[in-house]
Every structure is written in C-alpha cells, then in structure tokens.
Amino acid sequence: MPSPQLPRAVFAMDPVHLPLLFPPPLMERLRRTADIDPGLVVRDFADPAAAATLASAEMLITGWGCPHLDAGVLAAAPKLGAVLHAAGSVRSLVGEALWERGVTVSSAVTGNALPVAEYTLAMILLVGKDTFDHRERFRRTHAYPGPAETAATGNLRRRVGVIGASRVGRRLLELLRPFDLTVLLHDPYVSPAEAAALGAESLSLEDLLGHSDIVSLHAPDIPETHHMLDRDRLALVRDGGVLINTARGALVDHEALTDELVSGRLSAVLDVTDPEPLPAGSPLYHLPNVFLTPHIAGSLGNELERLGRIVVEELERLVAGLQPEHEVRHADLARVA
C-alpha cells in the first residue's frame with residue numbers, strides 16, 4: 001500500500017498512451033512519489049464514476065485525450081493543486097478558472113519540441129538537396145540527373161527563414177548551427193541582438209518571406225497568427241520556394257496555399273493542415289511538389305518516454321517542495337508554442 005503521506009495523483013488522458021509514456025521503470029518511480037493507480041485513467045470528467053476520483057485528486061497527470069479542464073472540473077476537484085501534462089502545449093487543455101485558482105501547470109512541451117525540430121531539420125536538408133524532386137524524376141525516367149538538373153541543388157548558403165522563436169523554433173535554430181546555411185528569423189518578441197545570439201538575422205515577416213528559399217513555421221496558434229500566411233504573404237515567397245509547416249495548419253490560408261501548390265510555383269512539406277486531415281479529394285495528396293505526412297513530427301513511439309520522464313521529474317520536484325522546471329504561466333501562452 002502506498003504511504004498515506006504521498007499526494008493523491010490521477011491519470012487523465014486516453015489510456016492507450018499510458019504504456020509508452022510510463023514504461024515499468026518510470027511507472028514504478030511515479031508510484032514511489034505519488035499515490036496513483038495505474039489502472040485508473042479518467043477519460044471523461046462527466047462520467048459519474050470520475051466524481052469520487054476527482055474529489056480526492058491533488059494532482060492530475062494529463063496527456064493527449066484529456067478533456068478540457070474547465071470550471072466544472074475544478075469544482076469537482078477541490079484539492080487540485082497541480083496539472084502535469086505529459087504532452088505538448090496546454091493551450092487547449094486549461095481554462096481560465098484553472099489560472100484563477102492558481103493551480104500549478106507544468107508541461108512536457110520542451111521534450112515534445114525536440115522531435116519536431118529534428119523532423120524539421122531533416123526536411124530542410126532534404127529539400128535543399130531537391131530530394132523529393134529528384135525522387136519523382138528518378139521514378140519516371142530511371143536515369144541519373146545531369147548537371148543542368150542539379151545546378152540549383154545544394155545546401156551551401158541556402159536561406160532558411162524560421163517564423164517563431166518558440167521552443168521548437170529555438171531548438172531548430174540550435175540544430176541548424178553546424179550547417180552552412182543562412183538563417184533568418186521573424187519573431188515580434190525577439191530583438192535583433194537576441195536573434196543574432198540564436199544564430200539568425202532578424203527580419204520582418206514580409207522581408208523574411210521575400211528572402212528565404214525555405215520557410216519553416218513555428219509560431220503559436222493564437223488569434224493573432226490565424227492565417228498569418230495569407231494569399232498576399234504567400235505571394236512574397238520566391239518562385240520555387242518551399243514552405244515547411246510542423247506547427248498548426250490554421251497559420252496558413254490553405255485555399256491560397258493549395259492554389260500556389262497546384263500552380264507549381266511553390267512546394268511544401270506539410271505535417272499539419274487545416275482541416276486535419278484534409279478531405280479525401282484534396283489535390284495535396286497527389287501533387288509531386290507536396291510532401292504530406294500525418295502529424296508525425298511530434299513525439300511518437302519510443303519518444304513518448306521522454307515526455308513521461310519529464311512529468312515524473314516534475315512530480316518529484318513538487319513533492320520535494322521545489323519549483324517545477326517546466327512550469328507554464330498564463331502569459332506564456334500568448335507567445336510560446
């Protein structure tokens with residue numbers, strides 16, 4: 001039996017994720033720190049069976065599939081003092097009532113940022129080598145390309161525009177440092193001096209779009225960024241430019257983007273779309289200049305363990321009376337993804 005002194009914690013997520021987030025060694029470590037039942041995972045807060053569980057919960061360990069934490073949930077969980085999120089952004093998870101109560105919120109978003117940045121780096125380098133174009137041509141012709149077909153290929157001084165110095169954006173900037181690329185950055189919260197320290201040149205959004213060979217989106221999905229890449233701004237990207245989106249589909253006007261891609265003027269690597277997934281009849285599934293993936297850039301498979309480990313470490317810090325390392329504050333949600 002767990003010690004009665006341990007804080008009562010409850011899992012709230014889709015239970016399918018639990019084994020990968022908390023494999024046996026991590027689950028055992030978690031159970032040494034909190035009174036938690038691995039067999040009890042709340043998926044629906046409206047379920048009457050969840051009421052008794054919430055009434056005693058001092059901490060919620062949340063993840064993908066957790067319902068929105070609104071005023072009703074807080075009323076049912078009077079002892080709740082912390083939410084530890086074993087996933088990415090908490091923007092859609094937590095409501096105003098939670099911030100007003102002063103519940104501590106921590107997220108493994110930093111751990112989730114790493115695979116997204118890794119995916120993006122891989123795509124930037126592949127795009128710079130015209131990998132996808134050469135693959136399509138090779139499929140058709142079975143012939144090696146000649147000098148004329150590779151004249152524009154290569155990553156030397158390729159201009160990469162990063163939109164958003166979010167956690168993913170900053171991690172990507174770190175990963176880009178070893179390569180002979182020219183890196184540009186747009187983020188209204190980052191000064192030119194800070195951008196230079198990150199290894200990038202600070203530009204306005206319009207200038208970045210006009211000067212980049214490859215544009216990579218890493219801005220948060222907030223009202224101010226909805227369709228930030230609209231028809232007029234997409235038109236600023238040079239002919240042959242490539243858009244990479246691993247952030248959120250709503251950052252781009254997809255009707256305008258589809259027109260650009262169908263025309264062949266631009267290419268794209270899209271891990272997210274709007275809507276998600278795209279309708280079955282969307283031409284983006286079949287265009288040779290579009291590399292479309294099913295939202296796989298974030299943590300998957302064995303990468304989920306990294307998120308679980310962050311949550312366990314946060315729980316251990318809280319129980320020891322220490323400040324959480326990955327705390328999310330209300331003000332952060334306006335500018336960080």
Side-chain angles (χ1 to χ4, degrees), residues 115-163 168 172 175-184 208-218 229 231 233-247 249 251-298 300-301:
V116 180
E118 291 172 341
Y119 173 104
T120 307
L121 172 65
M123 292 302 170
I124 288 171
L125 297 177
L126 289 172
V127 163
K129 292 288 283 187
D130 291 330
T131 303
F132 305 122
D133 287 344
H134 288 305
R135 178 198 60 180
E136 293 299 320
R137 188 181 297 112
F138 197 35
R139 281 177 170 176
R140 293 194 309 271
T141 67
H142 300 172
Y144 282 21
E149 294 169 314
T150 59
T153 297
N155 282 306
L156 180 62
R157 292 188 293 276
R158 184 77 68 174
R159 294 166 296 180
V160 178
V162 177
I163 299 176
V168 175
L172 174 63
L175 296 178
L176 290 172
R177 282 181 178 274
F179 301 96
D180 289 326
L181 299 165
T182 298
V183 182
L184 312 173
L208 180 145
L209 293 171
H211 287 85
S212 299
D213 301 306
I214 302 167
V215 175
S216 190
L217 270 172
H218 303 287
L229 295 192
R231 191 172 297 274
R233 283 175 170 158
L234 287 171
L236 297 175
V237 181
R238 68 167 188 83
D239 291 356
V242 181
L243 174 68
I244 300 175
N245 191 3
T246 58
L251 302 181
V252 184
D253 178 342
H254 262 261
E255 181 178 344
L257 177 61
T258 298
D259 289 345
E260 291 279 18
L261 297 172
V262 169
S263 75
R265 194 183 78 81
L266 300 180
S267 299
V269 174
L270 303 176
D271 190 53
V272 292
T273 55
D274 186 23
E276 197 171 49
L278 291 170
S282 171
L284 271 58
Y285 285 115
H286 308 290
L287 289 176
N289 55 324
V290 177
F291 191 80
L292 193 63
T293 53
H295 207 144
I296 61 168
L300 291 176

* Output, in order, the C-alpha distance, side-chain angles, deciding distance and verdict of side-chain contact (heavy atoms from CB on, under 4.5 Å) for Leu257 and Asn245. => CA-CA 12 Å; Leu257 177 61; Asn245 191 3; over 6 Å; no
* To do: State, yes or no, whether a side-chain contact exists between Leu126 and Phe291 at a heavy-atom distance under 4.5 Å.
  => no
* Would a 4.5 Å heavy-atom cut-off, applied to side chains only, mark Thr258 and Pro283 as touching? -> yes
* To do: Determine whether Leu270 and His254 make a side-chain contact, defined as any pair of heavy atoms from C-beta on separated by less than 4.5 Å.
  => yes
* How long is the gap from OG on Ser216 to CG on Leu184, to the nearest 0.5 Å? -> 12.0 Å
* Report the relative orientation of the aromatic rings in Phe138 and Tyr144; use parallel for angles under 30°, tilted for 30 to 60°, perpendicular for over 60°. => perpendicular
* To do: State the CG-CZ distance between Asp130 and Arg135, to the nearest 0.5 angstrom.
  => 12.5 Å
* State whether the side chain of Asn289 and the backbone N or O of Leu266 hold a donor-acceptor pair below 3.5 Å, judged by distance alone. => yes
* Residue pair Leu284 / Leu292: nearest heavy atoms and the distance that separates them -> O-CD2, 4.1 Å
* Asked: Checking side-chain contact (heavy atoms from CB on, under 4.5 Å) for the pair Arg158/Val127: CA distance, chi angles, key distance, verdict?
  -> CA-CA 10 Å; Arg158 184 77 68 174; Val127 163; over 6 Å; no
* To do: Would you mind reporting whether Glu149 and Asp133 have side-chain heavy atoms less than 4.5 Å apart?
  => no
* Structure fact -> Of all heavy-atom pairs linking His295 and Glu276, the shortest is ND1-OE2, 2.9 Å
* To do: Please examine the side chains of Phe179 and Leu121, heavy atoms only from C-beta on, and report whether any two atoms are closer than 4.5 Å.
  => yes
* Structure fact -> Rounded to the nearest 0.5 Å, the OG1 atom of Thr131 sits from the CE atom of Met123 at a distance of 9.5 Å
* Should Tyr119 and Val168 count as side-chain neighbours, where that means a heavy-atom distance under 4.5 Å? -> no
* CD/Glu136: more than 12 non-hydrogen atoms of other groups inside 6.0 Å -> yes
* To do: Provide the closest heavy-atom pair for Ser212 versus Leu208 in the form atom of the first, atom of the second, distance.
  => OG-O, 2.7 Å
* From Asp259, Leu209, Leu229, residue fulfilling side-chain contact (heavy atoms from CB on, under 4.5 Å) relative to Leu234 -> Leu229
* **Any Glu260 side-chain heavy atom under 4.5 Å of Val237 side chain** => no
* **Interatomic distance, Thr246 atom OG1 to Ile296 atom CD1 [nearest 0.5 angstrom]** => 11.0 Å
* Exam field: side chain Asp213 to backbone Arg159, donor-acceptor pair closer than 3.5 Å -> yes
* Closest heavy-atom pair and its distance - Val215, Ile163 -> CG1-CD1, 3.6 Å
* **Considering all heavy atoms, the nearest Gly298-Pro115 contact** => C-CG, 4.0 Å
* Asked: Hey, does Val272 have a side-chain heavy atom less than 4.5 Å from the side chain of Leu217?
  -> no
* Worked check of side-chain contact (heavy atoms from CB on, under 4.5 Å) between Arg157 and Asp180 -> CA-CA 6 Å; Arg157 292 188 293 276; Asp180 289 326; 5.7 Å; no
* To do: Check Tyr285 against Leu278 and note the closest heavy-atom contact, atom names and distance.
  => OH-O, 2.8 Å
* His211 atom NE2: more than 12 heavy-atom contacts under 6.0 Å -> no
* **No-hydrogen, no-angle side-chain donor-acceptor test under 3.5 Å, Thr293 and Asp271** => yes
* Approximate separation, where rounding is to 0.5 Å, of Asp253 CG and Arg233 CZ -> 12.0 Å
* To do: Measure the spacing between CG of Asp274 and CD of Glu255 and express it to the nearest 0.5 Å.
  => 11.5 Å
